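I have placed the structure first, in the form of structure tokens, so that the comments after it can refer back to it.
Remember, it's a predicted structure, so these values are computed and weren't measured experimentally. We name chains A, B, ... by the order of the sequence lines, and we start the count at 1 in each one.
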Amino acid sequence: MAERQKFYLTTPIFYPNGVPHIGHAYTALATDAIARFERLDGKDVRFLTGTDEHGLKMKQTAAEEGMSPQELADRNSAVFRRMEDALDCTYDDYIRTTEPRHHEACTELWRRMEAAGDIYLSKYTGWYSVRQEAYFDEKETEVGDDGVRREPLGSPVEWTEEETYFFRLSSFQDKLLAHYEANPEFVLPRERRNEVVSFVEGGLQDLSISRTSFDWGIKVPSDPGHVMYVWVDALTNYITGAGFPDESNPLWGHWPADVHIIGKDIVRFHAVYWPAFLMSAGVELPKRVFAHGFLFNRGEKMSKSVGNVVDPFNLVETYGVDQTRYFFLREVGFGQDGSYGHEAIVNRTNADLANDIGNLAQRSLSMIAKNCEGKVPAPGSFTDADKAILAAADGLHVLVRQAMDRQAIKHYLDAVWDVVADANRYFAGEEPWAKRKTDLERMNTILYVTAEVVRQVAILAQPVVPNGAKQLLDFLSVAEDARDFAALGETGRLEVGVELPKPTGAFPRYVEPEAADGGKA
RNA sequence: GGGCCCGUAGCUCAAUUGGUUAGAGCCGACGGCUCAUAACCGUCUGGUUGGGGGUUCAAGUCCCUCCGGGCCUACCA
């Protein structure tokens with residue numbers, strides 16, 4: 001038996017200086033959907049996420065709260081982890097940059113870059129922003145009315161001179177451009193790639209990669225007075241999670257990563273700095289960096305009775321995990337910006353989940369329960385209509401795989417729900433309830449075909465709505481080991497005569513809670 | 001200043017990458033059905049594809065320009 005194809009994907013590691021917001025949730029649930037998809041498609045998936053716990057901000061926040069940085073990291077990292085759990089994320093490993101294994105990986109990566117001659121000591125002077133952990137040209141800064149000098153994003157800067165190690169990023173310009181050229185889908189979507197290319201074409205300056213102004217970080221091996229710059233530390237997590245530097249670790253077989261899922265705000269670090277570090281250290285480059293867009297709350301009024309639903313935990317509590325996941329993945333083109341609001345979430349999830357697939361399953365399965373002794377009915381010969389809808393369902397696997405090869409999550413869902421809509425039309429057009437009185441065999445056939453389509457749709461929906469999909473598969477008595485994509489198509493057809501449990505509604509409608517307080521925001 | 005992306009029905013988006021009368025969902029109106037989660041099916045309303053010009057037998061798609069929105073990057077001090 002051939003070894004399964006490996007698939008390694010990551011989220012960025014989150015900075016647990018504050019509480020998780022909807023952007024973190026979006027990244028995590030999207031990455032999870034991809035992970036589940038590839039797993040169901042037979043791959044040996046490794047899904048890494050975690051928290052990035054070093055830096056001055058952590059140290060300062062900890063001081064403000066009267067605790068050590070490690071205590072703060074422990075406390076807040078747990079919150080992020082709980083968020084991912086609340087979203088039903090199936091990460092295989094939750095990395096924390098304060099762990100020894102990560103210190104080892106960073107240290108070794110640094111050593112290799114140094115050995116390659118790409119690191120040198122020099123002095124950096126300029127306006128430094130603690131919040132951004134970055135220097136700014138004086139021209140970029142501005143003194144505000146309050147007399148405080150700030151960088152463009154508004155954080156205060158102070159004049160700083162420090163000795164710092166530099167990475168020879170400037171010498172990687174041509175190699176990076178050659179890599180983008182040879183791998184047109186290294187950065188997706190296309191617009192992001194264009195930005196990256198034009199940025200690199202504009203010339204690269206060497207990058208300051210160490211700090212002496214604080215000590216909450218990973219020490220530079222040859223010079224412990226320095227700690228590593230945030231991005232050397234943070235980006236390296238992706239190889240730490242694959243066992244680096246122990247290349248005999250079985251996990252190392254997962255590197256290079258198939259895709260780093262990130263938000264578009266951190267494209268440059270992932271598409272320019274990270275590959276340059278790896279080239280320098282002689283480590284293979286990840287195959288793809290996929291940048292998703294931002295989500296905006298378009299001033300939709302959230303109901304007072306449900307409170308501030310923008311918080312990820314509240315979203316899940318208010319609408320449900322499946323609903324939250326489905327909404328963001330179906331409504332927003334992955335890679336583009338999107339917006340969300342109460343009404344949009346309710347409309348989308350009620351229409352697609354409750355009305356379309358939930359109701360289709362319920363109406364067909366309850367007919368089976370009532371008219372077929374609760375067993376999968378035996379179909380007669382198939383008509384053209386039967387064959388057409390079955391063929392549509394059977395054809396989905398190829399279609400969705402094509403979409404997901406480019407992380408086109410929305411397209412994958414579009415395709416699946418097109419079939420759901422077809423199935424509703426089919427069911428209504430064939431009128432099994434009428435055939436019940438005139439032609440039982442025909443009724444059985446229609447119910448069989450519909451249930452079979454529901455089976456395939458449920459299997460395909462698992463990555464996005466794992467709970468509701470599981471419920472549907474349970475209603476169809478589909479064996480646990482027949483729920484992956486290998487069971488799609490003709491080979492996995494429902495077995496006639498199998499007993500089915502009494503169905504109840506999967507994907508309940510969201511109904512507005514009666515405004516008990518009599519008013520709204 | 002240079003560069004990139006976008007603007008299609010009230011809303012969210014399609015259109016095999018120049019090829020017939022620009023499609024679908026949601027919303028709305030009307031009708032149907034009763035298996036079903038106030039669900040489902042059908043019909044209809046709704047567009048000079050932001051404006052203008054050009055290339056072509058043919059433009060939502062290519063070129064120019066203007067308007068509007070977003071983003072990357074650089075400069076001016």
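For the residue pair Asp311(A) and His21(A), no side-chain donor N or O sits within less than 3.5 Å of a side-chain acceptor on the partner. For the residue pair Asp52(A) / Asn237(A), no side-chain donor-acceptor distance below 3.5 Å is found, with atom types taken as modelled. Side chains of Tyr426(A) and Asp386(A): a donor on one and an acceptor on the other come within 3.5 Å. Between the side chains of Thr11(A) and Thr49(A), at least one donor-acceptor pair of N or O atoms lies under 3.5 Å. Side chains of His397(A) and Gln402(A): a donor-acceptor N/O pair is absent below 3.5 angstrom, by distance only. For Arg509(A) and Asn355(A), the side-chain atoms include at least one donor-acceptor pair closer than 3.5 Å.
Look at the P atom in both G50(B) and A77(B): the space between them is 40 Å, to the nearest Å. Rounded to whole Å, the separation between the C1' atoms of G19(B) and U65(B) comes to 27 Å. Nucleotides C6(B) and A14(B), compared at atom P, are 10 Å apart to the nearest Å. G25(B) and C64(B) are spaced 36 Å apart, taking the C1' atom of each and rounding to whole Å. Separation of the C1' atoms belonging to U55(B) and U61(B) is 14 Å when rounded to the nearest angstrom. Spacing of C1' atoms, G60(B) relative to U17(B), comes out at 12 Å, to the nearest Å. Comparing the C1' positions of G32(B) and A39(B) gives an interatomic distance of 14 Å, to the nearest angstrom. For the P atoms, the distance linking G69(B) with G7(B) amounts to 16 Å, nearest Å.
Ser198(A) comes within 4.0 angstrom of nothing in the nucleic acid, heavy atoms only. Backbone-only contact: Arg425(A) has heavy atoms under 4.0 Å from sugar-phosphate atoms and none from a base. Base engagement by Gln362(A) is indicated by at least one non-hydrogen atom pair under 4.0 Å involving a base atom. Among the heavy atoms of the strands, none lies under 4.0 Å from Asp337(A). Using a 4.0 Å heavy-atom distance criterion, Lys264(A) is classed as making no nucleic acid contact. Residue Arg436(A) is in sugar-phosphate contact alone, with no base atom involved, counting any heavy-atom pair closer than 4.0 Å across all strands shown. At a threshold of 4.0 angstrom between heavy atoms, the contacts of Gly358(A) include nucleobase atoms, whether or not backbone atoms are also involved.
Close to U12(B), at under 4.0 Å from its OP1 or OP2, lies no side-chain N or O of Lys410(A). For the pair Asn347(A) and C27(B), the criterion of a side-chain N or O lying under 4.0 Å from OP1 or OP2 is not met. Note on Arg348(A): every side-chain N or O is 4.0 Å or more away from OP1 and OP2 of U12(B). At C72(B), none of the side-chain N or O atoms of Arg192(A) fall inside 4.0 Å of OP1 or OP2 (strictly under the cut-off).
The side chain of Ala428(A) has C41(B) as its nearest neighbour among C35(B), C41(B), C71(B). Side-chain proximity of Lys370(A) to C26(B), A39(B), A36(B): nearest is A36(B).
Judged by Watson-Crick or G-U wobble contacts below 3.5 Å, the nucleotide C71(B) has G3(B) as its partner. Nucleotide G10(B) forms a pair with C26(B), judged by Watson-Crick or G-U wobble geometry with both contacts under 3.5 Å.
Rounded to an integer number of Å, the gap from Arg363(A) CZ to A38(B) P is 12 Å. Here C11(B) presents its P atom at 14 Å from CD of Glu331(A), a figure rounded to the nearest Å. Regarding Leu413(A), its CG atom lies at a distance of 14 Å from the C1' atom of G25(B), rounded to whole Å. The distance from atom CZ of Phe199(A) to atom C1' of G2(B) is 15 Å, rounded to the nearest whole Å. Look at CG on Asn359(A): it is 5 Å from C1' on A36(B), rounded to the nearest Å. Atom P of nucleotide U16(B) and atom NE2 of His411(A) are separated by 11 Å, given to the nearest angstrom. Protein atom OH of Tyr180(A) is 14 Å distant from nucleotide atom C1' of C72(B), rounded to whole Å. If you take CG of Leu188(A) and P of C4(B), they are 19 Å apart, rounded to a whole angstrom.
Side-chain rings of Tyr120(A) and Tyr165(A) stay apart, their centers remaining 6.0 Å or farther from each other. Trp417(A) has its ring centre less than 6.0 Å from the ring centre of Tyr326(A).
Because its glycosidic torsion is within 90° of 0, U17(B) is reported here as syn.
Remark on RNA chain B: of its neighbouring residues Arg509(A) and Trp433(A), the 5'-side contact belongs to Trp433(A), judged by nearest-heavy-atom nucleotide. Comparing Arg190(A) and Val196(A) against RNA chain B, the residue whose closest nucleotide sits nearer the 5' end is Arg190(A).
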